[in-house]
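What follows is a short report on a single structure.
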Amino acid sequence: MSGAGHAQFRYTQTPSKVIHLRNLPWECHEDELIQLCSPFGKVVNTKCNVGANKNQAFVEFAEQSQAIAMVSYYASSPDPAHIRGKTVYIQYSNRQEIVHNKSPGDVPGNVLLVTIEGVEAGDVSIEVIHLVFSAFGFVHKIATFEKAAGFQALIQFSDAETACTAKNQLDGRSIPRYLLPPHVTSCNLRISYSAHTDLNIKFQSHRSRDYTNPYLPVNSTAFEGSLQPGLGTDGKKLEPESNVLLAAIENMQYAVTVDTLHMVFSSFGPVQKIAIFEKNGGTQALIQYPDVTTATVAKEALEGHCIYDGGYCKLHITYSRHTDLNIKAYSDRSRDYTIPNPNIASSQLSGVPSASTTWQTHLVTSEYPNSGYAAAGPVDPSQEPSSWPPGASPAAGSIHTGFQPDLRPGVSSPPYYGK
DNA sequence: AGCACA
């Protein structure tokens, strides 16, 4: 009998909680498979459109007994299973579970591929990208490029966990509007994993950065005029780059202390020294970084932005001619963070009024609803200071935190100094 | 009508 042969075949099949279905109708949908199989048990996974003709599929049950029930039922049933009128043949799969082919972009890694939708390459600076992604951990390297998909960036983190956190928080969201040029209303981030593990950045430029190596040569020709005022070809006065920034604070409706400036400028790297002084009836400050690269990053990110929302305490930043500030005494107008001083540290802890330090997190929270984004920077102080040049500020734990809690005047303070 | 990797 021919039936005996079939029976023989069936009995030699190793049972599996996965069943193989064939002779399915064209582009059979998962719903149709579930409808067919769920009377026998709980379907936990499917894989459709399998095989050369895309007319096969796999269904995985929660329990092998459920698969056995289904195979047994149709083995002895006078009317076969059918979908859309086609007879469906069912047997155990020769595998014990369904494994989905992950597309490369779904395989986690420490490097993210970010597509910034709806912008020109010039609309989003690498500094802004750095600022946004630094909220989740130390960003090692960034490379940007333009592809058919649009403006893209590769962001390298220390590990896949950090990258995953950033991806989960930022995928599908938009960069805060105040970090974008006025004509850009929104720019959604599409984030997948890159197959890269270590980007090969050859020089610091307007399209690539290596934050682990501040001494990497700067490719001046790779900078465009708008990003490098010192190298502009428009005849503007040359302004040599420096590791010390001169910040003029305009419309200073609220007090700006060294603590305020330290918090704001520490987002880009360790701040070594700060000095505040009056000049020409306005307030200015000198902020010293260990290297020019960090200063450049800070300058590009902060220029023209306001410490407080509403246009208050607007920063106008240029390079100072100084390279090493001579800070004589600790005060509310000057600070040398390269000199460890426990007394100062404790007086900071108790002496900083809640309204003294700020960044614009209230804007961030409106752009990233429910994300916990502003507070999301899981800073691991043990992780990164070694990457920065020696002599980093004692407050190095606050570096590369990106956005920090907003302590606008009158807004109560999260325990930023509390550790 | 007969087992998923690229």
Side-chain angles (χ1 to χ4, degrees), chain A residues 1-115 145 147-150 152 154-156 160 163-164 167 171 190-200:
Chain A
M1 294 264 276
S2 62
H6 284 268
Q8 192 71 26
F9 191 58
R10 275 201 304 275
Y11 297 140
T12 58
Q13 292 277 297
T14 308
S16 167
K17 62 179 187 290
V18 183
I19 59 169
H20 174 226
L21 304 98
R22 56 200 151 82
N23 199 39
L24 293 167
W26 177 246
E27 288 187 351
C28 179
H29 200 258
E30 183 184 42
D31 304 341
E32 297 170 293
L33 296 175
I34 293 173
Q35 201 175 352
L36 178 69
C37 299
S38 56
F40 299 93
K42 186 180 182 190
V43 174
V44 296
N45 215 341
T46 66
K47 188 174 180 63
C48 307
N49 301 324
V50 168
N53 299 323
K54 306 276 189 198
N55 58 356
Q56 301 174 45
F58 297 92
V59 169
E60 181 176 334
F61 284 102
E63 301 294 336
Q64 192 183 76
S65 62
Q66 298 165 349
I68 291 173
M70 183 168 182
V71 170
S72 306
Y73 175 83
Y74 283 111
S76 56
S77 169
D79 19 74
H82 57 85
I83 291 178
R84 281 188 241 159
K86 285 198 75 177
T87 297
V88 176
Y89 299 89
I90 298 166
Q91 61 190 155
Y92 301 116
S93 171
N94 53 25
R95 298 193 198 177
Q96 292 299 311
E97 60 181 10
I98 290 177
V99 282
H100 281 283
N101 299 330
K102 282 188 175 169
S103 55
D106 294 334
V107 179
N110 65 317
V111 179
L112 297 177
L113 172 62
V114 181
T115 304
F145 47 91
K147 278 282 181 64
Q152 295 187 303
L154 290 163
I155 318 285
Q156 179 175 337
C164 179
K167 179 179 184 294
D171 194 12
R190 290 292 161 204
I191 306 179
S192 62
Y193 293 105
S194 164
H196 289 95
T197 56
D198 190 21
L199 304 177
N200 182 19

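Every chain is numbered from 1 and lettered A, B, ... according to where its sequence line falls, protein lines coming before strand lines. Just so we're clear, the structure is a prediction, and the values are computed from it rather than from any experiment.
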Could you tell me whether A:E97 contacts a base, only the sugar-phosphate backbone, or nothing, with contacts defined as non-hydrogen atoms closer than 4.0 Å? base
Applying side chain to side chain donor-acceptor pair (under 3.5 Å), can you list everything that pairs with A:K54, at least two apart in sequence or on another chain? none
All side chain to side chain donor-acceptor pair (under 3.5 Å) counterparts of A:N45, not counting sequence neighbours: A:H100
From CD1 of A:I98 across to C1' of B:dC3 the rounded distance in Å is 11 Å
Interatomic distance where CG belongs to A:L21 and P belongs to B:dC3 [whole Å]: 13 Å
NE2 of A:H82 versus P of B:dA1: gap in Å, rounded? 16 Å
Would the distance check show the side chain of A:E63 and the main-chain N or O of A:G41 forming a donor-acceptor pair, the cut-off being under 3.5 Å? no
Is any side-chain nitrogen or oxygen of A:R95 closer than 4.0 Å to OP1 or OP2 of B:dA4? yes
Just N and O in the side chain of A:N94: are any of them under 4.0 Å from OP1 or OP2 of B:dC3? no
Between atom NZ in A:K54 and atom C1' in B:dC3, what is the gap in whole Å? 14 Å
Within residues 24-33 of chain A, which residues have any heavy atom lying less than 4.0 Å from an atom of DNA chain B? none
Separation of B:dA6 P from A:K102 NZ (nearest whole Å): 19 Å
Restricting to pairs with a member in residues 103-115 of chain A, which pass side-chain hydrogen bond (donor to acceptor under 3.5 Å, both in side chains), not counting sequence neighbours? A:S103-A:D106, A:T115-A:Q152
Between C1' of B:dA4 and CD of A:Q56, the distance in whole Å: 9 Å
According to side chain to side chain donor-acceptor pair (under 3.5 Å), who are the partners of A:R84, at least two apart in sequence or on a separate chain? A:E32
Provide, to the nearest angstrom, the distance between the CD atom belonging to A:Q91 and the P atom belonging to B:dC3. 8 Å
If you check the A:N101 side chain, which of B:dA1, B:dA4, B:dC3 turns out closest? B:dA4
Return the set of residues passing side chain to side chain donor-acceptor pair (under 3.5 Å) with A:S194 (not counting sequence neighbours), or none when no residue passes. A:H196
Interatomic distance where OH belongs to A:Y92 and C1' belongs to B:dA1 [whole Å]: 19 Å
Shortest side-chain distance from A:V50, nucleotide among B:dC3, B:dA1, B:dA4: B:dA4
Between A:Y73 and A:F40, is the ring centre distance below 6.0 Å? yes
Map A:N23 and A:Q96 onto DNA chain B by nearest heavy atom, then report which one ends up closer to the 5' terminus. A:N23
